[in-house]
Amino acid sequence: MNSLRRLDITYLKGVGPSRAELLSKELGIRSYYDLIHHFPTHYIDRSKIYRINEIKSDMAAIQIRGRFLSFNVIGEGAKSRLVALFSDGSATIEVVWFRRIKQIKEAYRLGNDYILFGKPTEFNGTRQLVHPEIDASTAITASQGLRGVYPLTEKLRARGITSRTLFTWINTVLSSVPAMAETLSDDVIGSLKLMRLRDAMLAVHNPSDTDVLNRARFRLKFEELFFIQLNMQRNGLRRSKALNGYRFPRIGNYFNSFYSRCLPFELTGAQKRVIKEIRADMATGRQMNRLLQGDVGSGKTLVALMTMLIAVDNNTQACLMAPTEILATQHYETISKMVAPVGINVKLLTGSTRKKERKIIHDQLSDGSLHILIGTHAVIEDNVVFKNLGFVVIDEQHRFGVMQRSKMWAKNVVPPHVLVMTATPIPRTLAMTLYGDLDVSVIDELPPGRKPIRTLICYDDRREYLNRSIGRQLAMGRQVYIVYPLISENEKLDLQSLEEGYERVCETFPSYEVTYVHGRMKPAEKDRRMQDFVSGKARILVATTVIEVGVNVPNASTMVIENAERFGLSQLHQLRGRVGRGADQSYCVLMTKLKIARETRQRLEIMTSTTDGFVVAEADLKMRGPGDLEGTLQSGMAFDLKIANLSGDGQIVQMAHDRVEAVLDDDPELEKPIHSRLKTTLDNMFERKIDLSRIS
Ligand code: ADP
Ligand code: MG
């Protein structure tokens with residue numbers, strides 16, 4: 001298998017340099033290995049032959065057998081097309097080509113038997129097949145079973161590369177490697193009764209029936225998920241062995257006096273448990289890498305603060321990094337106020353920190369008198385030097401790249417403990433695959449006294465009613481968010497609807513100050529406008545999703561989401577989390593067009609039925625709306641999945657996870673002969689990737 005990675009597809013029969021370049025650009029296929037790992041997305045039953053008089057234009061791809069009656073070129077130059085009449089005795093159908101006309105005309109003869117395969121369409125009332133696949137009918141036997149449909153791009157199609165072409169190339173490769181080396185070890189294959197690799201590869205590209213196909217796909221999905229997790233878990237193990245971290249044995253004065261004198265409320269049970277988990281980790285002497293998941297409003301900031309105090313109690317410094325200036329400032333204000341009575345020195349460093357203040361921060365960081373630094377990306381810069389950085393907290397992790405996080409590591413000889421906080425609830429199976437090397441803590445309880453947010457779906461024709469409700473909230477002194485989707489494909493239109501919405505709101509509520517923000521604004525202006533809302537000066541904020549992350553305005557009681565059907569569930573949940581932070585009843589209104597598809601309505605109904613972020617995230621994974629969770633997360637992953645999919649294959653993720661654990665328990669470095677295949681495969685698989693094991 002590994003040798004296939006080194007075979008360049010340029011030299012495969014029928015490919016050549018220019019197609020090779022296109023394949024690489026369009027599909028990332030460079031080697032034989034890549035090619036045979038290009039899997040069909042679905043399969044079509046090719047044992048069934050339809051009669052032309054049965055064909056309807058809403059059918060999926062079908063197969064017919066018959067003869068060409070005529071070929072005619074219609075039109076001229078770039079606009080010309082080739083139209084053939086094809087008959088099977090029951091009726092005739094038009095077959096149309098827009099490209100490669102000359103080659104097509106030369107390739108097929110009137111009077112010969114052919115099998116055509118494609119999706120029927122209708123044009124001006126005439127049924128057509130456009131660019132079908134064509135086989136001489138003798139080449140097909142009824143036993144051919146299922147035929148895979150391979151993903152392609154328009155550019156490849158324009159160059160005459162079809163699903164069929166890929167199929168042929170793949171089979172050329174498969175038949176040229178009679179002995180494909182197994183990648184999984186015999187104990188793993190045996191215990192799960194998996195198909196052998198070569199059999200699975202042959203079957204996934206040439207399945208004889210669904211049963212065999214399912215077994216083949218299972219084997220390949222398992223393998224894919226297994227190696228990702230093997231890599232991750234092995235790195236995690238190595239790191240915990242190799243990297244000594246700070247040992248924080250004690251809880252000292254700062255923590256204790258904060259706990260007894262400053263805590264504004266009782267900690268929730270979940271907060272207590274999570275603080276304990278973190279504390280235990282920090283006491284081991286191993287460097288901590290922990291992911292803290294907690295729904296919006298679950299009180300992560302306090303956990304961050306209290307664990308930072310543990311670091312300070314053990315004579316080190318702590319740093320809290322947030323993705324935006326507003327968030328950093330908000331953290332700074334909350335935290336510095338809370339710790340003022342216990343004499344902790346906290347400072348804020350962002351892009352707009354003045355030179356003089358910056359100098360003070362640098363000095364205090366290097367002489368150790370600054371205990372806690374809070375900031376944006378600015379804290380990563382090389383000239384920010386700590387005396388002894390013991391603990392780093394990173395808030396809202398998806399906004400930070402892996403590389404930026406790694407820079408925090410480098411700020412100390414002894415790597416600091418790292419706590420990554422995220423409000424995106426990640427379903428367990430997904431977390432296993434994405435963060436297999438991180439320990440995970442979960443705050444699964446909201447502070448008491450919160451009234452659950454009431455979520456309603458509101459159709460466009462009820463806008464009057466909505467406006468009256470908003471008016472009532474405003475009259476009670478509350479603030480309101482109105483959010484518009486902004487999706488890059490038609491950014492102009494989106495922006496226009498935001499601006500129109502803003503004007504409409506201004507007209508409807510003339511006595512209240514309204515402001516608006518969107519992602520295309522200059523950051524300084526955006527910050528200024530956000531600040532107006534945070535301070536309460538503006539009562540209504542019209543915005544795109546820039547407000548999604550983290551702002552805390554407890555006085556805001558209503559979240560209106562326009563075109564809610566265009567958002568993914570997890571995104572809706574994040575937005576909803578902006579309200580319900582005070583003691584009053586809060587509302588989230590999902591505005592939609594009157595006519596929405598049934599699935600869309602079902603998706604939105606999940607939002608009205610639960611406020612539990614994990615339930616929402618699970619549903620999001622299953623239902624896959626626009627901007628779904630998997631897509632968002634996948635863009636941050638260090639690998640792509642070729643056949644498994646994290647939403648549908650949760651069970652296989654779990655099986656792979658358990659198997660990997662068993663293997664590593666028995667043989668952490670994969671030194672035993674029985675695991676030699678695993679080791680070789682892993683080494684080959686990740687040789688060119690950056691070493692992510694040092695970063696989290
Ligand atoms: P998030 O997890 O979304 O970052 P925050 O840390 O911003 O949540 O907390 C949300 C709100 O809940 C804050 O106003 C905070 O003061 C409050 N809070 C946090 N912990 C508790 C608690 N144990 N009891 C009551 N209120 C709390
Ligand atoms: Mg937060």
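One-based numbering, in listed order, for ligands and for the atoms of each. This structure is a prediction, so every number in the text was calculated from the model and none was measured. Counting begins at 1 with the first residue of the sequence.
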Looking at Arg279, I'd like to know if its CZ atom is crowded, meaning that more than 12 non-hydrogen atoms belonging to other residues, nucleotides or ligands lie closer than 6.0 Å. no
Would you please name every residue forming a side-chain hydrogen bond (donor to acceptor under 3.5 Å, both in side chains) with Tyr246, sequence neighbours left out? Asn412
Tabulate below the donor-acceptor pairs under 3.5 Å that side-chain atoms of residues 305-313 make, not counting sequence neighbours, or state none.
{"from": "Thr307", "atom 1": "OG1", "to": "Val303", "atom 2": "O", "distance (Å)": "2.7"}
{"from": "Thr307", "atom 1": "OG1", "to": "Ala304", "atom 2": "O", "distance (Å)": "3.0"}
{"from": "Asp313", "atom 1": "OD1", "to": "Asn253", "atom 2": "N", "distance (Å)": "3.4"}
{"from": "Asp313", "atom 1": "OD1", "to": "Tyr254", "atom 2": "N", "distance (Å)": "2.9"}
{"from": "Asp313", "atom 1": "OD2", "to": "Gly252", "atom 2": "N", "distance (Å)": "2.8"}
{"from": "Asp313", "atom 1": "OD2", "to": "Phe255", "atom 2": "N", "distance (Å)": "3.0"}

Between Glu277 and Ser441, is any side-chain donor less than 3.5 angstrom from a side-chain acceptor? yes
Which pairs count as side chain to side chain donor-acceptor pair (under 3.5 Å) when at least one residue sits in residues 447-456, sequence neighbours excluded? Thr455-Arg576
Heavy-atom cut-off of under 4.0 Å around ligand 1: list whichever protein residues fall inside it, by chain and number. Phe265, Glu266, Leu267, Thr268, Gln271, Asp295, Val296, Gly297, Ser298, Gly299, Lys300, Thr301, Pro447, Arg450, Asn552, Arg581
For a 4.5 angstrom cut-off between non-hydrogen side-chain atoms, does Phe265 reach Pro447? no
